[in-house]
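Okay, structure first, notes after.
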Amino acid sequence: MVHQQPFELETYLQARKVQVEAALAEAVTLEEPASLRQAMEYSLLAGGKRLRPVFCLASCELAGGDPRLALPTACALEMVHTMSLIHDDLPAMDDDDLRRGRPTNHKMFGEAMAILAGDALLCQAFEMVAGRSSGVPAQRLLAVTTALARAAGAPGLVGGQVVDLASEGKRVPLETLEFIHLHKTAALLEVSVISGALIAGAAEALVADLRCYARNIGLAFQIIDDVLDVTADSATLGKTAGKDLRTEKSTYPALLGLEASRRSAAELIKSAKAALASRAEAARPLLALADFITNRSH
Ligand code: GRG
């Protein structure tokens with residue numbers, strides 16, 4: 001009988017993070033204006049879990065592709081994510097002064113530069129996919145570009161953020177909260193998961209399973225984010241804790257309570273893993289990453 005070695009997520013994550021950090025460090029090639037480059041890199045190279053790039057590389061591998069071909073897209077996903085954090089922290093949005101353990105972009109460089117650094121990162125993300133992904137057939141890059149544009153735009157992050165802002169200070173129904181989470185958070189996680197597979201030329205059935213996995217982990221991810229806002233401190237989170245309560249934001253803990261929120265996230269993770277159950281061996285990184293989402297401390 002062959003005993004399978006336990007999957008070492010910590011080691012896997014560390015190795016992938018090193019790969020992503022190295023690619024990100026070289027990604028911004030802009031020379032002038034130096035002030036813009038500095039503002040872009042300040043947030044892009046500020047650490048973070050790098051989960052979206054790791055999901056992309058892991059799904060590329062699962063689909064039998066070479067993850068090195070997915071690295072530019074992995075960087076693009078982190079650029080869109082970083083842009084959304086910079087803009088989310090602005091006074092006109094969530095108005096925060098702490099992110100990833102340091103002052104937010106607008107606190108360092110001013111509001112105008114923070115808006116522009118976000119804009120530049122968003123545009124460069126599309127350049128990474130369309131113009132810096134050598135060795136990947138153009139048709140696959142077109143599919144990734146389209147999916148990324150939808151996830152970042154009105155049918156994704158932007159739409160979710162609009163409803164989120166409109167819901168502040170109100171008690172919204174669970175369906176509205178789910179809408180916000182699916183658009184603001186799950187949409188980018190979904191494209192992170194499927195883009196690696198698209199780059200590898202995965203069959204439609206696998207992309208559909210990955211989509212189902214991703215929507216479930218995406219929703220669970222935001223529920224846990226809401227739970228951590230209540231239970232963790234600012235030093236651990238690297239951002240201001242307890243903010244949702246103070247700003248009377250509708251969250252899962254506010255609507256359901258902490259325990260029911262945790263149970264709801266656990267159910268979603270179970271469904272996510274079930275979507276990949278038939279691919280057990282090749283899907284080990286993604287299965288372990290699903291558990292990481294509920295067990296994380298920040
Ligand atoms: C301008 C196209 C455009 C979009 C901006 C501001 C905005 C629209 C959307 C806000 C999206 C947002 C900030 C969602 C929160 C997602 C979330 C849970 C972030 C935390 O992600 P982690 O925990 O952070 O992966 P790290 O720092 O580890 O990367």
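Because the structure is predicted, anything quoted here is derived from the model rather than measured. Start at 1 and go down the list; that is how both ligands and their atoms are numbered.
Between Tyr12 and Phe7, the ring planes are tilted. Angles from 30° to 60° get that label.
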List, for ligand 1, each N/O atom that has a protein N/O partner under 3.5 Å away, with both atom names and the distance.
from: ligand 1; atom 1: 21 (O); to: Arg52; atom 2: NH2; distance (Å): 3.2
from: ligand 1; atom 1: 23 (O); to: Lys49; atom 2: NZ; distance (Å): 2.6
from: ligand 1; atom 1: 25 (O); to: Arg52; atom 2: NH1; distance (Å): 2.8
from: ligand 1; atom 1: 25 (O); to: Arg52; atom 2: NH2; distance (Å): 3.4
from: ligand 1; atom 1: 27 (O); to: Arg100; atom 2: NE; distance (Å): 2.9
from: ligand 1; atom 1: 28 (O); to: Lys49; atom 2: N; distance (Å): 2.9
from: ligand 1; atom 1: 28 (O); to: Lys49; atom 2: NZ; distance (Å): 2.8
from: ligand 1; atom 1: 29 (O); to: His81; atom 2: NE2; distance (Å): 2.8
from: ligand 1; atom 1: 29 (O); to: Arg100; atom 2: NH2; distance (Å): 2.8

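Every pair passing salt bridge (Lys or Arg N to Asp or Glu O under 4.0 Å) that includes a residue from residues 26-37 is listed here, sequence neighbours excluded: Arg37-Glu41.
Legend: residues meeting salt bridge (Lys or Arg N to Asp or Glu O under 4.0 Å) with Lys239, ordered by chain and number and at least two apart, are Asp225. For Arg52, the salt bridge (Lys or Arg N to Asp or Glu O under 4.0 Å) criterion is met by no residue, not counting sequence neighbours.
Distance check, rounded to the nearest 0.5 Å: OG1 of Thr73 to CD1 of Ile199 gives 3.5 Å.
You'll find the side chain of Glu61 reaches within 4.5 Å of the side chain of Arg16, heavy atoms only.
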